[in-house]
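Data block below; observations after.
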Amino acid sequence: MLDINMFREHADIIRADHDKRGLPHDQIEEVIRLDDNWKKTRYDADQLRRRRNEAARGIAEAKKAGNNDEMQRILTEVASLGEQIDALGVEANDMENARDSLRMKVPNILHESVPMGGNEDGNTLHSKHGIKKEYSFEPKTHNILVDQNNWVDLPRAAKIAGSRFYFLKGDLARMELALQQYAVDFLTGRGYTFVQPPVMMNRTAYEGVTDLGDFETVMYNVQPEGFYTIATSEHPLTAMFMDEVMEPSMLPLKMVGISPCFRREVGAHGQSDKGIWRVHQFTKIEQIIISKPEDSWNLHEELLTNCVELWDSLNLHYEVVNICTGDMGTVASKKYDLEAWLPGVGAYKEVVSCSNCTDYQANRLKMRYRTSEGNESVHTLNSTAVATSRALVAIIEQNQTEDGKVEIPKVLQPYMQNQKILESCNW
RNA sequence: GGAGGGAUGGCUGAGUGGUCGAAAGCGCACGACUCGAAAUCGUGUUAACCCUCACGGGUUACGAGGGUUCGAAUCCCUCUCCCUCCGCCA
């Protein structure tokens, strides 16, 4: 959510941003109009309250002095003021609510380095990494390989849960665990604090960190408590300091989170989403930073560097893409994606998303830090380190051998008793 | 699940119907002392919002919501969270 002062003092910046995104200005103008009316109504109500407070001070005196008539006169006046105040108060409240629910929908201001573009075709190449292997055979897609090796059981998962759920079995499940441990070790080694969050959140906290549309399409709602299962540990870790004033000495706060991630994936998806590429549940190791505003752009690059060095160490081929204006979501100001090469599919596909959300989440969450000038919103940043299901797909496709097995990345081998090859599961 | 206690500013914590936005301490900021620092002393320091070019002024907020009252941090109700004890359980 953008600061209300942005609408009051720099509406032109928001308008220019909407132009970049190809959005109309209606919402901006409506926020400004509602805010204007709210201020006037609010002021009128405050003035009436002031009169009531002044009048009420006379009551005790009149009572003490035994002046019953005067007391009655004041009581009548105060009662009538009270009615007016209540009416104005309701009006002001409605306007403020309307203003803010609209304000919640206005997206973050894009960073100047975000490339222009109408959709994902406008994303620009930032850098290429690793070696694109040549195969002496026709590389297979991961869903064929996991099937041949009995590493994934989709039909039985569908039977007991539903489509897009899976059982991970045998060596592939072991490598999933190895990936988790490796990624956590990698980032704790760089000063990030390992945190395991709750995997369910309440609505209020969740509204602070996500696009409101996600409540209908992304998160599961758990009854009877009404909790939402998290779509990523970014959400609990970012909301962790909701409603708090943080000490500047804590910043930047760097965390590495791990959690299962739950996604409803409402809507149809294409043929390429076979196997375990797009699933309702997966494990993700996530980087989170809460920082002072002046540090966030450097830290955004640090997050990307961490990703690049982590994925390089897995010896995978991928590209880093700078997400363009038309493909950016509501919350991020700038976003890099890592797209891994899938030789079976013959395409680069998204495996990591690295965002600077500036003060957008912090404003909603009322997360501030102390400065000598007062309290200011912090900045929040997040980046995937490894989403295990998708990292597995990339490893399976890139490291496949002619006989349909998969070589284990060197850095993961110590976590798997120095095994070199993933063996098939025999059932 | 049962019984009891609690939630106050950045933190600890006093305050049980009006002069309380709220004692005190810590922390923080500024100043003095010092070559510099520590210690010490002095001054200041809740936040959000509104009006004002400014000086300044106003409103609201003591977990959240509702109620009683002319008036609520203080009394009543509901909810949330925390603590203690009992029960159950990974």
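Fair warning: this is a prediction, and the values are worked out from it, not measured in the lab. All chains are named by letter (A, B, ...) in the order of the sequence lines, taking the proteins before the strands, and each is independently numbered beginning at 1.
Look at CG on Asp35(A): it is 11 Å from C1' on C50(B), rounded to the nearest Å. In this structure, CG of Asn5(A) is placed 11 Å from C1' of C49(B), rounded to the nearest angstrom. If you take NZ of Lys366(A) and P of U46(B), they are 21 Å apart, rounded to a whole angstrom. Between the CE atom of Met246(A) and the C1' atom of C11(B) there is a distance of 15 Å, rounded to whole Å. As rounded to whole Å, 19 Å separates atom P of C49(B) from atom CG of Asn37(A). Distance, Glu376(A) CD to A48(B) C1': 16 Å, rounded to whole Å. A straight line from CG of Asp3(A) to C1' of C49(B) spans 13 Å, rounded to a whole angstrom. Here the P atom of nucleotide C50(B) and the CE atom of Met95(A) are 14 Å apart, to the nearest Å.
No engagement by Arg203(A) is indicated, since no non-hydrogen atom pair under 4.0 Å with the nucleic acid exists. Note on Glu244(A): nothing from the nucleic acid sits closer than 4.0 angstrom, heavy atoms only.
Only the P atoms considered, G21(B) is 15 Å distant from G63(B), to the nearest whole Å. Straight-line distance between the P atoms of U43(B) and A24(B): roughly 12 Å, to the nearest whole Å. Comparing the C1' positions of C85(B) and G18(B) gives a spacing of 40 Å, expressed to the nearest Å. With C1' as the reference atom, U16(B) and G6(B) are 15 Å apart, rounded to whole Å. Atom name C1', nucleotides C77(B) and G25(B): the rounded distance is 36 Å, in whole Å. C49(B) and U40(B) have their C1' atoms separated by 41 Å, with the value rounded to a whole Å. A gap of 36 Å separates the C1' atoms of C26(B) and C76(B), to the nearest Å. A distance of about 15 Å separates the P atoms of U60(B) and G65(B), rounded to the whole Å.
One finds no side-chain N or O of Arg370(A) lying less than 4.0 angstrom from the OP1 or OP2 phosphate oxygen of A47(B).
Taking only side-chain atoms of Arg368(A), from C-beta outward, the nucleotide of C50(B), C70(B), A47(B) with the closest atom is A47(B).
Under the 3.5 Å distance criterion, the side-chain polar atoms of Arg364(A) are matched with a main-chain donor or acceptor of Glu207(A).
When both distances must be under 3.5 Å, the Watson-Crick or G-U wobble mate of C89(B) does not exist. Nucleotide U45(B) forms a pair with G27(B), judged by Watson-Crick or G-U wobble geometry with both contacts under 3.5 Å. When both pairing distances are held under 3.5 Å, U16(B) makes no Watson-Crick or G-U pair with any nucleotide shown. Base pairing annotation: A37(B) forms no Watson-Crick or G-U wobble pair, as no partner gives both donor-acceptor distances under 3.5 Å. Of the nucleotides present, none pairs with G71(B) by Watson-Crick or G-U wobble criteria with both distances under 3.5 Å. Pair check for A7(B) finds U80(B); Watson-Crick or G-U wobble, both atom distances under 3.5 Å.
Here Thr358(A) pairs with Asn108(A) under the side-chain hydrogen bond (donor to acceptor under 3.5 Å, both in side chains) rule; sequence neighbours left out. Lys284(A) pairs by the side-chain hydrogen bond (donor to acceptor under 3.5 Å, both in side chains) definition with Thr232(A), Glu286(A), not counting sequence neighbours. Scanning for side-chain hydrogen bond (donor to acceptor under 3.5 Å, both in side chains) contacts around Glu376(A) gives an empty result, with sequence neighbours left out. With sequence neighbours excluded, the residues that form a ring-ring contact (aromatic ring centres under 6.0 Å, His included) with Phe215(A) are Tyr206(A), Tyr228(A).
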Check nucleotides 54-64 of chain B for protein N or O atoms closer than 3.5 Å to its own N or O atoms and list the pairs.
{"unit_1": "G58(B)", "atom_1": "N2", "unit_2": "Asp46(A)", "atom_2": "OD2", "d": "3.4"}
{"unit_1": "U59(B)", "atom_1": "OP1", "unit_2": "Asn53(A)", "atom_2": "ND2", "d": "3.2"}
{"unit_1": "U59(B)", "atom_1": "O2'", "unit_2": "Asp46(A)", "atom_2": "OD1", "d": "2.8"}
{"unit_1": "U59(B)", "atom_1": "O2'", "unit_2": "Arg49(A)", "atom_2": "NH1", "d": "3.4"}
{"unit_1": "U59(B)", "atom_1": "O2", "unit_2": "Arg42(A)", "atom_2": "NH2", "d": "3.3"}
{"unit_1": "U60(B)", "atom_1": "OP2", "unit_2": "Asn53(A)", "atom_2": "ND2", "d": "3.4"}

CA sep, side-chain torsions, deciding dist, call: Gln223(A), Asn221(A), side-chain hydrogen bond (donor to acceptor under 3.5 Å, both in side chains) | CA-CA 6 Å; Gln223(A) 297 304 333; Asn221(A) 186 214; 2.6 Å; yes

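Within a 6.0 Å sphere centred on CG of Asn375(A), heavy atoms belonging to other residues, nucleotides or ligands number more than 12. The local environment of CZ in Arg156(A) is sparse, with at most 12 non-hydrogen atoms from other residues, nucleotides or ligands closer than 6.0 Å.
Sorted pairs that involve residues 228-243 of chain A and meet salt bridge (charged side-chain N to carboxylate O under 4.0 Å, His left out), not counting sequence neighbours, are lacking altogether.
Where Val78(A) and Lys39(A) each meet RNA chain B at their nearest nucleotide, the meeting point lying more 5' is that of Lys39(A).
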